[in-house]
Amino acid sequence: MDAYDEGSKARHLPDGPDGSLPEGPASAGPTPDSTPSTDLESTDQESTDQESVPQQPASQAPTAQAPTAQAPDALAPAPDAQASTADPPIPIPTPTGIASLPLRSQVVAALALAVVAVVACVHLGMVFLHVAPSNTVTKQHGRAIDDWIYPEFEQNWKLFAPNPLQQNIDVQVRAQVRGADGGITETGWYDLSALDGAAIDGNLLPSHTQQNELRRAWDFYIGTHDNENRPVGLRGDLSQRYLRRIVLLRLDRQGAGDKGAVVESVQIRSRTTNVPPPKWSEEKVSDTPVLSELPWWTVPEEDVTDARTEASAG
């Protein structure tokens, strides 16, 4: 029987005595002389492929470098590198203002600020009570409020009135003086308002007396007297004595009469002149002064003494 059955596609191995493969030289594998031709062809093809691959020069051939061992210290970053990667230190702000002063100076500054704050609050409260309508506090402490306000912090509403003051009022006075020989002479008119204006003109820091004493005294008198110069209320006589003492003091400063002369009586008048309107206004006002004379007032001896004392003190 042939090794291959032509009528079957199955491959039959040669039967041994026990059906196993026969042992012998044939089962030991191919010998060198019996190398198949296909192996030789593949070897030739590999050598041909190696010859076709271009060879690189030794200088350009890639070389594999073996990793070098590094010391543990070389693996750790340098101290400068660690410092550069760490967060920068936060700057401490420099104290300013009161905090930059020594402790004792801070205490003094704090006390000074506290005193200023208390005085400012008291002043605002006094001004508020002064301009506020009459109430329980002003009735009980009205004198203390007036002593705080007058004369430096006086408040009025004339600037905001519907018809603000549009007149110039000059207060003038003349006197009858008794000389050393006993004779009585009459002086001319002294324009006290013009004298105050001349003292204020060019003065960067004029006194409150120069600015307001005479004007306020005249307003006080007009507000407490009627058109017939009769006092209205309990303050009428007070306003008259106040105005009389002021003009006596001014007369003594101006040296009314001869040396040693004594003022016996005074007469006061006002000279009112309308302020001219601006050029663009169509308002027409009179420019003729209006004079208003008060009667002669006899001067008591005590008023003369007080005027001389104040004049010598000033």
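- With Gln106 contributing its side chain and Leu101 its backbone, the two residues share a donor-acceptor pair below 3.5 Å.
- At distances below 3.5 Å, not a single donor-acceptor pair connects side-chain atoms of Thr273 with backbone N or O atoms of Pro289.
- Within the 3.5 Å criterion, the main-chain N or O of Tyr221 finds a donor-acceptor partner in the side chain of His225.
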Q: Any chance you could lay out the side-chain contact (heavy atoms from CB on, under 4.5 Å) test for Ile145 and Phe128, step after step, and finish with the verdict?
A: CA-CA 10 Å; Ile145 296 173; Phe128 172 78; over 6 Å; no
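- Checked by atom type and distance alone, the side chain of Asp191 never pairs as donor or acceptor with a backbone atom of Trp189 at under 3.5 Å.
- What you find for Trp218 and Ser270 is that their closest heavy atoms are CZ2-CB, 3.3 Å.
- Looking at every heavy atom in both residues, Gln211 comes nearest to Arg215 through O-NE, 4.2 Å.
- With rounding to the nearest 0.5 angstrom, the CZ atom of Arg244 is 8.5 Å from the OG1 atom of Thr298.
- Judged by distance alone, the side chains of His208 and Asn212 do bring a donor and an acceptor atom under 3.5 Å apart.
- Considering only heavy atoms from C-beta on, Arg253 stays 4.5 Å or farther from Leu195 through its side chain.
- Rounding to the nearest 0.5 angstrom, the gap separating the OG1 atom in Thr272 from the CD atom in Gln167 is 5.5 Å.
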Q) What do the steps show when you test Leu192 against Asp196 for side-chain contact (heavy atoms from CB on, under 4.5 Å), and what is the final call? A) CA-CA 6 Å; Leu192 303 181; Asp196 285 350; 5.6 Å; no
Q. Going through the distances and angles, do Leu214 and Arg250 end up as a side-chain contact (heavy atoms from CB on, under 4.5 Å)?
A. CA-CA 10 Å; Leu214 181 64; Arg250 302 296 180 88; 4.1 Å; yes
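- Connection of Val247 to Leu238 is established within a shared hydrophobic cluster, with ILVMFWY side chains joined at heavy-atom distances below 4.5 Å, either directly or through further cluster members.
- Although no hydrogens or angles enter the test, the distance criterion places no donor-acceptor pair under 3.5 Å between the side chain of Thr138 and the main chain of Ser134.
- For the pair Gly236 and Pro231, the tightest heavy-atom approach, listed with the atom from each and the gap, is CA-CB, 3.7 Å.
- Contact record, Pro276 with Val285: CA-CG2, 4.5 Å, taken as the closest heavy-atom pair.
- In this structure, Val290 is not a member of the same hydrophobic cluster as Val275, with clusters built from ILVMFWY side-chain heavy atoms closer than 4.5 Å.
- In the hydrophobic clustering of this structure, Val127 groups with Val122; members are Ile, Leu, Val, Met, Phe, Trp, Tyr whose side-chain heavy atoms approach within less than 4.5 Å, directly or through other members.
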(Q) Between Trp296 and Glu264, is the side-chain contact (heavy atoms from CB on, under 4.5 Å) condition met? List the steps. (A) CA-CA 10 Å; Trp296 285 91; Glu264 294 287 335; over 6 Å; no
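- Put simply, the side chain of Gln267 gets close to the backbone of Leu294: a donor and an acceptor are under 3.5 Å apart.
- Between Phe220 and Arg235 there is a side-chain heavy-atom pair separated by less than 4.5 Å.
- Relative orientation of the Phe153 and His123 rings is perpendicular, given thresholds of 30° and 60° on the angle between their planes.
- Considering only heavy atoms from C-beta on, Arg271 stays 4.5 Å or farther from Ser193 through its side chain.
- Cluster annotation: Ile149 and Val118 are assigned to the same hydrophobic cluster (Ile/Leu/Val/Met/Phe/Trp/Tyr, side-chain heavy-atom contacts under 4.5 Å, transitive).
- To the nearest 0.5 Å, atoms CD1 (Ile169) and OG (Ser292) are separated by 10.0 Å.
- The distance from atom OG1 of Thr224 to atom CG of Asp219, rounded to the nearest 0.5 Å, is 10.5 Å.
- Remark: Ile268 CD1 to Arg174 CZ distance equals 12.0 Å, nearest 0.5 Å.
- Here Leu251 contributes atom CG and Ile246 contributes atom CD1; the two are 12.0 Å apart, rounded to the nearest 0.5 Å.
- Between Ala256 and Ala261, the shortest heavy-atom contact is O-CB, 4.4 Å.
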